[in-house]
Amino acid sequence: MADVVATAEIPEIVPTSLLNDQQRVALLRWMLHARIFDEVTIRLYRQGKMFGSVFAQIGHEAISVGSAAVLQPEDAIFPMHRDLGAHFVRGVPLRTIALNHLARQGSMMRGTDGTGHYADPQRKLYGNISHLGAMIPVAVGYALAAQLKGEPIVVLNYIGEGGAQTGEFHEGLNFAAVRKAPFVLIIENNQYAYSTPTTEEYACKKLSDRAIGYGIPGETIDGTDVERVYEATFYAVERARNGEGPSLIEAICMRMRGHAEHDNASYVPRELLEYWKKRDPLLRYQRFLIDNGILSEAEIQQMRREIEAETVRVLDDVLQLPFPPAEEAFKNVFL
Amino acid sequence: MPTMTLLQAISDALRYEMRRDERVFLLGEDIAEFGGAFKVTKGFVEEFGKQRVINTPISEAAIIGGAIGAALNGLIPVAEMQFMDFITNGFNQLVNVAATTAYRWGLPVPIVVRGPVGGGMSAGPFHSRSAEAWFAHTPGLKVVFPAFPADAKGLLIAAIRDPNPVLFFEHKGLYRKIREDVPEGEHVVPLGTARIVRPGADLSIIAYGRMVHIALEVAARLEDEGASVEVVDIRTLVPFDEATVFDSVKRTNRVVITHEATLTAGFGAEIAARIADKAFEYLDAPIRRVAAFDAPVPMAPPLEQAMLPSAEKLLDTCRQVLEY
């Protein structure tokens, strides 16, 4: 566990001067959307009503939301499977997300794939494939093209500490550094790659130390403090947009569920979960907003109820829809 | 019409497309000032600059993945593998990302990954492979393998303009050996069209790449023996021009399929199966294949010559089929 959060005390949210209160409320709303989508799909999974896997991102919400919120609409984002928050930030409708997750008729992927693997080119959002690490060179290539075309956009890409051990992580990040590509990579270090703890994944102290080897800036931050994530991403994005090249951010968090819902994560020590439960990114931010008079407890509860009702309604509705017809299997192998 | 080698025709196609469309750019190892290991891009950096002729680190996954990402962002990358053997290091990007993007996302990935393949130069197991069958087996990838300079130019231009990922295999043994007139400027050979390079009546040899030239040599020798042999150059494995191949087999009633790649699960097996499935009634003899022995490509000349298919082996098999 990295030094930044290895304290018994639950650190206070450090407010950033980059955000106003209206933006803070938006951050909370997106985090709530991500959390509630997981809660509802977990429930459906347990009832045997879900289709496909549920890769909950509970514990990660501050990372995808706090970073994606920095981007401009023309910037591109390459999320991984625990970045549902980023989909909400980019404005993907809940129904679209549900259609893709459940591979129903009307999904952008026509039932060819599920979960968050879809792409929404209008929103410059390109999902991951299951081989984590594979999208790092692709995201770098997208940034490289922007550079060649002279477009001042930034590409934000995410990987877990598990995917950070792939060869494609190295090849992609090194290539980005050599080309000074407008690229920001966030490692979401959630302590486990499926059942493998970080001690069996890598030997360096901090994954951000690898940045030195690529000749780029790197820092390790508290991934459960959404304002800290926003601030770190903001400066990395600004740097990339100014032509100064890529940055690496390691955001420390905890995967609070199993790898997916079939996995009860019995290999995770109970004390570790207890430790991180106190650092729940959503609860920490709610407490901050209440303590600073930005939202009342009642207002947050109201927001939660509304989002939950909407999520349940949309998922129930989409689950009633048929799968796409069989003939879709034969289309679009080639364009 | 200027006379060009296969290598010059490939350079000509790249230069023509880069002049025509500023979205086209190149990336690969040592391709800029050095002009590439085989000099396909010699002089390109002087004409198009470092932005469009990008030297990369030795990172095939970054080269191919980077090409895919650039394509998603509106450019048309042509990636060079210094040797197609090295494409294995970028395999994941091709079979899992490039090949599935149209199917899953409905988005075009107009990339070309091109480079030299093939044996016969004592280059050993890691610089001699024929890698095309791996990719012909992956839906979503087009696979092109020219045998002649004019075809190489026309097919490469078609590949660059294709919205799908295309793998373009160049036999290095043909680079400077084969020379012919090549049309100047615009010249497109549609992907998925085979060509009868020598008409005949008694036997069809179905081939691609270097084996087309060996087939022509064999056909000439068999002519002296009184047999009329047709040679079909399939030119692209995916898409595969069934019609031209079936038509040839239906006329000659005898077929030998040949490629330099190893035999088992090679593309010849696919061609043989399709002929057996759809043209069985027309056959007067078993479908035979002449391919490399199932082994890595060895280095020492006697071993390599023994392992690779040869004119003698093809001639022998053709005689057996003609006599059947």
Side-chain angles (χ1 to χ4, degrees), chain A residues 76 78 100 107-114 117-121 124-131 133-151 153 155 157 166-179 181 183 328-335, chain B residues 22-23 25 27 49-52 54-77 79 89-111 138-142 162-166 191-192 238-239:
Chain A
F78 285 71
N100 282 302
S107 90
M108 296 160 109
M109 296 191 289
R110 307 176 297 112
T112 62
D113 199 355
H117 286 190
Y118 67 94
D120 184 344
K124 310 281 184 212
L125 181 144
Y126 301 89
N128 64 294
I129 71 164
S130 301
H131 303 56
M135 295 310 284
I136 298 173
V138 179
V140 171
Y142 195 100
L144 187 65
Q147 190 185 50
L148 298 182
K149 293 193 283 184
E151 292 170 354
I153 68 145
V155 179
N157 183 202
T166 62
E168 283 161 323
F169 171 94
H170 165 68
E171 289 198 17
L173 199 50
N174 181 60
F175 191 35
V178 168
R179 303 301 308 181
F183 178 70
E328 290 294 343
F330 305 113
K331 296 179 187 165
N332 276 13
V333 175
F334 292 102
L335 293 182
Chain B
E22 63 175 15
R23 295 172 301 171
F25 76 101
L27 70 168
K50 292 275 276 184
Q51 289 282 80
R52 291 179 72 197
I54 298 176
N55 271 342
T56 67
I58 301 176
S59 299
E60 283 77 12
I63 295 168
I64 298 169
I68 295 166
L72 288 172
N73 197 5
L75 297 185
I76 301 173
N89 290 334
F91 202 74
N92 188 36
Q93 290 296 329
L94 285 167
V95 304
N96 285 316
V97 186
T100 68
T101 299
Y103 195 59
R104 299 184 308 119
W105 291 354
L107 297 177
V109 180
I111 67 167
T138 302
L141 300 176
K142 293 192 176 180
D162 198 283
N164 302 288
V166 182
L191 305 187
V238 183

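Worth knowing before you read on, the calculation uses all heavy atoms, side chains too, and leaves out hydrogens, waters and symmetry mates. Chain letters run A, B, ... following the sequence lines, proteins first, then strands; residues in each count from 1.
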Under 4.5 Å from any heavy atom of chain B, what part of A:Val140 do you find: side chain, backbone, both or neither? neither

Can you tell me which of A:Arg179, A:Glu328, A:Gln147, A:Arg110 forms the most heavy-atom pairs within a distance under 4.5 Å of chain B? A:Arg179

Would you call B:Leu191 and B:Pro239 a side-chain contact if the rule is heavy atoms closer than 4.5 Å? yes

Can you name the closest pair of heavy atoms from B:Asn73 and A:Tyr142 and give their distance? ND2-O, 2.9 Å

Using non-hydrogen atoms only, which part of A:Ala76 is less than 4.5 Å away from chain B: side chain, backbone, both, or neither? neither

Measuring from A:Leu148:CG to B:Leu75:CG, what's the distance to the nearest 0.5 Å? 6.0 Å

Drop me the distance from B:Thr101's OG1 to A:Tyr126's OH, to the nearest 0.5 angstrom. 11.0 Å

Side chain, backbone, both or neither: which part of A:Ala139 has an atom under 4.5 Å from a heavy atom of chain B? neither

Pairs of heavy atoms under 4.5 Å with chain B: top-ranked of A:Ala176, A:Gly127, A:Ala143: A:Gly127

Using atom types as modelled and distance alone, determine if a side-chain donor or acceptor of A:Glu171 lies under 3.5 Å from a backbone N or O of B:Ala61. yes

Could you have a look at A:Val333, A:Leu335, A:Val178 and say which one has the most heavy-atom pairs with chain B under 4.5 angstrom? A:Leu335

For the candidates A:His170, A:Met135, A:Lys124, A:Lys149, which exhibits the highest count of non-hydrogen atom pairs separated by less than 4.5 Å from chain B? A:Lys149

Distance check, rounded to the nearest 0.5 Å: B:Ile63 atom CD1 versus B:Ile111 atom CD1? 11.5 Å

For chain A, the option from B:Asn92, B:Thr100, B:Leu27, B:Ile58 that forms the most heavy-atom pairs under 4.5 Å: B:Asn92

Greatest number of non-hydrogen atom pairs under 4.5 angstrom with chain A, of B:Glu60, B:Gln51, B:Arg104, B:Glu22, falls to B:Arg104

Quick check for you: among A:Val138, A:Asp113, A:Val155, A:Asp120, which has the greatest number of heavy-atom pairs under 4.5 Å with chain B? A:Val138

Answer key: most heavy-atom pairs under 4.5 Å with chain B among A:Gly133, A:Ala181, A:Ala119, A:Gly172 is A:Ala119

Would you give the length of the straight line joining atom CG of A:Asn157 to atom CG of A:Leu173, rounded to the nearest 0.5 angstrom? 9.5 Å

Going from CG on B:Asn55 to NZ on B:Lys50, what distance comes out if it is rounded to the nearest 0.5 angstrom? 5.0 Å

Out of B:Leu141, B:Ile54, B:Ile68, which one racks up the most heavy-atom pairs below 4.5 Å with chain A? B:Ile54

Nearest-0.5 Å distance, CZ of residue A:Phe175 to CZ of residue A:Phe183: 12.0 Å

Taking side chain as everything from C-beta outward and backbone as N, CA, C, O, which of these in B:Asn96 sits under 4.5 Å from a heavy atom of chain A? Side chain, backbone, both or neither. both

